[in-house]
Amino acid sequence: MAKVLVVTSGKGGVGKTTSTAALGAALAQRGESVAVVDFDVGLRNLDLVMGAERRVVFDLINVVQGVAKLQQALIRDKRVENLWLLPASQTRDKDALTDEGVGKIIADLRTRFDWVLCDSPAGIERGATLAMRFADEAVIVTNPEVSSVRDSDRIIGMLDSKTVKAEKGERVIKHVLITRYDPVRAAKGEMLGIDDILEILAIPLLGIIPESQDVLRASNVGSPVTLNDATSAPARAYFDAARRLGGEQIAMVVPTERKGFMNRLLGRKAA
Amino acid sequence: MSINLLRLFGGRSATAPVARERLQILLAHERGLLGQPDLLVTLREEILAVVSRHIQLDPDKVTVKLDRGKTVSTLEVDIEVPNGFEAMVRGGRRAAG
């Protein structure tokens, strides 16, 4: 049965789009059929991070308004055949998205894919509430930094009240994905630790993505980090997270590029 | 202990514990407020309804305040009652009887 997952955060710039692309590609690389859907109307970027920006013809709003059929708007990834992108509109207003229209598209996507990953815009306005509206599960992307954690807490409250699941008295399954984590700084007490974040947010951990130059390198060339260099530290962390989404139990480690001086000195094991 | 050692080693103080404590205090406050956005409105209306059964009140003269402290919170209800309300109560009873 298809799972609809929203990748959300409240705060901007924490890695929602990067994580949507990386998790979507990782799930597809494991043989599952995946649609990644950009909900950031007016500021779409998932197409760019996926390297499909020149192939966009129709978008989410065209489908909502009946101008295009869903299969006309879906773009198939050139590297992984069971990975598809539904882009957002760059020119239209987000008010063109209706509850009902989005509901229909999500219902349609459920019949075609194993996973539907909704890339939420930042903020708590209409775009963000629509992205989470029909979700079964949520990945809350959080940086180890006070404003990001605060906004994540706010988003968790919205997932518990403004989703279809919440209104039916059910629960959206929530996971926190910690991105841009620097184990060395955390060990020195310069950065919130994993335990701090988990205790404050009180939701289970999906994965820890280390701060890495590989993330920018991948987006520069329009490739999800899991496709661009599958052996890089962030890619391995995303692969682990994708397997956890599939229900596998995997030990939580922070992949590192090379064992740094501080790590060796401290003999620290990650999280 | 280990933090202190690291502090010596790094030459800078650990700021993460400060971040953690600030977040915990802030979120405890925000969750309370956001969890029950209408609590004060509801309290005010219900208190006003109960008191109004016995005393005529100006609804604008009823204030309900909630102060959240770290361990204990206080609920402050301030109702301004017009002078001579007893007469109004008796008058009301006579009219009813």
Side-chain angles (χ1 to χ4, degrees), chain A residues 9-11 14 124 128-129 140 142-162 166 174 176 178 180-203 208 211 260-269 271, chain B residues 1-51 59-60 62-78:
Chain A
S9 70
K11 190 177 186 307
V14 295
I124 53 169
T129 52
I140 297 124
T142 306
N143 289 169
E145 180 270 325
V146 286
S147 59
S148 176
V149 175
R150 179 199 211 174
D151 291 358
S152 292
D153 192 73
R154 187 79 189 276
I155 284 291
I156 290 167
M158 291 175 64
L159 286 163
D160 288 337
S161 61
K162 304 212 164 170
K174 299 179 289 283
V176 61
I178 298 173
R180 308 202 67 166
Y181 184 69
D182 184 337
V184 176
R185 297 200 74 187
K188 282 200 269 183
E190 292 179 7
M191 180 183 266
L192 282 169
I194 302 298
D195 292 341
D196 294 332
I197 297 170
L198 296 183
E199 194 192 320
I200 290 166
L201 295 180
I203 54 172
I208 306 162
E211 171 82 66
F261 171 70
M262 277 303 286
N263 282 9
R264 261 179 291 162
L265 188 76
L266 296 170
R268 194 191 46 78
K269 43 180 208 297
Chain B
M1 178 62 186
S2 66
I3 294 272
N4 286 339
L5 273 177
L6 287 166
R7 220 178 259 191
L8 275 174
F9 195 79
R12 257 180 258 173
S13 61
T15 48
V18 182
R20 177 199 163 95
E21 198 189 331
R22 289 177 60 219
L23 269 172
Q24 280 174 328
I25 293 169
L26 175 72
L27 292 181
H29 180 72
E30 284 187 347
R31 282 173 189 155
L33 288 182
L34 297 170
Q36 289 182 300
D38 298 332
L39 173 66
L40 285 188
V41 176
T42 310
L43 276 176
R44 192 179 169 282
E45 277 170 9
E46 293 187 3
I47 291 168
L48 183 61
V50 169
V51 181
D60 292 337
V62 179
T63 56
V64 178
K65 266 203 317 200
L66 188 58
D67 277 321
R68 286 181 195 272
K70 237 178 178 178
T71 50
V72 184
S73 299
T74 53
L75 179 67
E76 188 183 317
V77 183
D78 188 350

Identify the two heavy atoms, one from A:G189 and one from B:P17, that lie closest to each other, and give their separation to 0.1 Å.
->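 Heavy atoms of A:G189 and B:P17 come nearest at O-CD, 4.1 Å.
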Looking only at heavy atoms, what is the nearest atom pair of B:A19 and A:L192, with distance?
->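 Looking at all heavy atoms of both residues, the closest pair is CB-CD2, 3.9 Å.
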At what distance, to the nearest 0.5 angstrom, does [atom1] of [X] lie from [atom2] of [Y]?
X: B:R20; Y: A:D195; atom1: CZ; atom2: CG; value: 8.5 Å
X: B:L23; Y: A:E145; atom1: CG; atom2: CD; value: 8.5 Å
X: B:E21; Y: A:I200; atom1: CD; atom2: CD1; value: 10.5 Å

Partner set under side chain to side chain donor-acceptor pair (under 3.5 Å) for B:R44, not counting sequence neighbours |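 Here no residue qualifies.
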Which answer fits A:D153, side chain, backbone, both or neither, if we ask what part of it has an atom under 4.5 Å from a heavy atom of chain B?
->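 For A:D153, the contact with chain B is made by the side chain alone.
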Given side chains that start at C-beta, do those of B:L26 and A:V146 come closer than 4.5 Å, heavy atoms only?
->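 No, every pair of side-chain atoms sits at 4.5 Å or beyond.
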